[in-house]
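To start, the structure itself, in structure tokens.
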Amino acid sequence: MRKINEIFYSLQGEGYHTGTPAVFIRFSGCNLKCPFCDTQHEDGILMSDEDIVTEVSRYPAATVILTGGEPSLWIDREFVDCLHQAGKYVCIETNGTHPLPDNIDWVTCSPKQGVKLEITRMNEVKVVYEGQDITVYEQLPAGHFFLQPCSCSNTAETVDCVMKHPKWRLSLQTHKLIDIR
Ligand SMILES: C[S@@+](CC[C@H](N)C(=O)[O-])C[C@H]1O[C@@H](n2cnc3c(N)ncnc32)[C@H](O)[C@@H]1O
Ligand SMILES: Nc1nc2[nH]cc(C(=O)O)c2c(=O)[nH]1
Ligand code: SF4
Ligand SMILES: [Mg+2]
């Protein structure tokens with residue numbers, strides 16, 4: 001059984017797959033307490049893999065996004081396989097502090113300041129911008145580097161930083177801009 005906060009259908013609002021219809025599986029709880037975290041994730045109910053796949057399969061999209069809270073605390077290879085058997089493309093949003101099963105299709109790593117990364121495979125890096133030095137993340141083994149304003153509040157500073165560091169691209173939380181989930 002896995003503790004689920006919510007399962008909902010929306011568009012990926014952030015990063016490389018922005019605009020892609022996706023089913024979000026939000027797992028409950030996290031090992032970090034980022035002061036800026038925009039998600040209430042502590043509540044949850046225990047669900048079986050069968051019930052999770054049934055709920056996910058109500059929606060027509062192929063893309064599933066595992067998020068939270070911190071989804072890596074709850075998942076394993078077997079769970080990702082269940083979603084693959086249902087025809088899904090499995091993405092994860094992770095803080096990178098906990099190892100991942102190697103059969104996930106797309107890894108979005110959002111490293112947090114002062115916290116050691118434990119994952120070695122990632123497709124994109126997505127940093128929430130708080131004015132920190134972002135060059136320390138540039139050696140991570142990702143193909144894409146995104147800088148995201150914090151709660152849509154420091155967009156001008158984030159644009160300025162991206163223009164100074166052209167390895168990076170701007171990621172807006174587009175779901176917040178158009179008031180969808
Ligand atoms: C809620 S977290 C859940 C997944 C995982 N715990 C993580 O941090 O990557 C999902 C994404 O939202 C980002 N995020 C959280 N709070 C934010 C905020 N206030 N503004 C912008 N992005 C935020 C995180 O950095 C992460 O990329
Ligand atoms: N639309 C939408 N896109 C998202 N991308 C990452 C999210 C998350 O909370 O992990 C998120 C979210 O909460 N909503
Ligand atoms: S790691 Fe992710 S879910 Fe956990 S507190 Fe930070 S932003 Fe929120
Ligand atoms: Mg969110």
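Residues take their numbers from the sequence shown, with the count starting at 1. Order of appearance sets the numbers: ligands from 1, and atoms from 1 within every ligand.
- Every atom of ligand 3 with a heavy atom of N95 under 4.0 Å away is listed here by number and element: 1 (S).
- For ligand 1, the polar-atom distance check against T39 finds no nitrogen or oxygen pair separated by under 3.5 Å.
- Residue contacts to atom 8 (Fe) of ligand 3: C34 brings no N, O or S atom closer than 2.8 Å.
- The residue among R26, Q173, E93 with a heavy atom at the shortest distance from atom 21 (C) of ligand 1 is Q173.
- What sits closest to atom 2 (Fe) of ligand 3 on the protein, heavy atoms only, is K112 NZ, 4.3 Å.
- Shortest non-hydrogen contact noted between G13 and T174 is O-OG1, 2.7 Å.
- Residues Q173 and T18 form no side-chain contact, since every pair of their non-hydrogen atoms from C-beta on lies 4.5 Å or further apart.
- Across the listed options C30, G68, G69, G69 owns the non-hydrogen atom lying nearest to atom 6 (N) of ligand 1.
- More than 12 heavy-atom neighbours from other residues, nucleotides or ligands sit within 6.0 angstrom of CG on N31.
- For ligand 1, the atoms sitting less than 4.0 Å from at least one non-hydrogen atom of P149 are 20 (N), 21 (C), numbered in the order shown with element in parentheses.
- Of all protein heavy atoms, the one closest to atom 20 (N) of ligand 1 is S151 N, 2.9 Å.
- Nearest to atom 8 (Fe) of ligand 3 among the protein's heavy atoms is C37 SG, 2.3 Å.
- For the pair Q132 and V127, the minimum side-chain heavy-atom distance is below 4.5 Å.
- Of all heavy-atom pairs spanning V128 and S110, the tightest one is CG2-OG, 4.4 Å.
- Among L32, N31, D38, the residue whose heavy atom lies nearest to atom 17 (C) of ligand 1 is D38.
- Considering CG of L66 and CD1 of I104, their distance stands at 6.5 Å, rounded to 0.5 Å.
- The shortest non-hydrogen separation linking K112 to Y137 is C-OH, 4.2 Å.
- If you check which protein heavy atom lies closest to atom 14 (N) of ligand 1, you get V128 CG2, 3.9 Å.
- The atoms of ligand 1 that sit less than 4.0 Å from any heavy atom of K112 are 7 (C), 8 (O), 9 (O), 24 (C), 25 (O).
- Within the set K126, E124, H98, K176, the minimum heavy-atom distance to atom 27 (O) of ligand 1 is found for K126.
- Within the structure, ligand 3 has L32 among the residues with a heavy atom less than 4.0 angstrom away.
- Of all atoms in ligand 3, listed by their number and element, those nearer than 4.0 Å to a heavy atom of G69 are 3 (S).
- Proximity of G96 to ligand 1 is not established, as no heavy-atom distance is less than 4.0 Å.
- Taking every non-hydrogen atom of E70 and a distance limit under 4.0 Å, the qualifying atoms of ligand 1 come out as 5 (C), 6 (N).
- Neither V115 nor F36 shares a network with the other; the hydrophobic side chains, linked directly or stepwise wherever heavy atoms of I, L, V, M, F, W or Y lie under 4.5 Å apart, form separate groups for each.
- Scanning all protein heavy atoms for the shortest distance to atom 10 (C) of ligand 1 gives T67 OG1, 4.0 Å.
- Scanning all heavy atoms of the two residues, the minimum distance from S151 to K176 falls at CA-NZ, 4.3 Å.
- Ranking protein heavy atoms by distance to atom 22 (N) of ligand 1, first place goes to Q148 NE2, 3.0 Å.
- Residue S110 approaches ligand 1 through these ligand atoms, each under 4.0 Å from one of its heavy atoms: 9 (O), 24 (C), 25 (O), 26 (C), 27 (O).
- Close approach of ligand 1 to C37 is summarised as follows: ligand atoms under 4.0 Å from at least one heavy atom of the residue are 16 (N).
- Linking Ile, Leu, Val, Met, Phe, Trp and Tyr residues whenever their side-chain heavy atoms come within less than 4.5 Å leaves W106 and F79 in two separate clusters.
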Show your working on side chain to side chain donor-acceptor pair (under 3.5 Å) between S171 and Q148 and close with a plain yes or no. CA-CA 5 Å; S171 171; Q148 180 159 286; 2.8 Å; yes
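- Note: the hydrophobic cluster containing I65 does not contain I25 (ILVMFWY, side chain heavy atoms under 4.5 Å, direct or indirect links).
- Considering all non-hydrogen atoms of both residues, H175 and E14 come closest at CE1-OE2, 3.3 Å.
- If you number the atoms of ligand 3 from 1 as listed, the ones under 4.0 Å from a heavy atom of C30 come out as 1 (S), 3 (S), 4 (Fe).
- Judged by the 6.0 Å distance and 45° axis criteria, R169 is not positioned over the aromatic ring of F146.
- Counting only heavy atoms of the protein, atom 12 (O) of ligand 1 lies nearest to E14 OE1, 4.0 Å.
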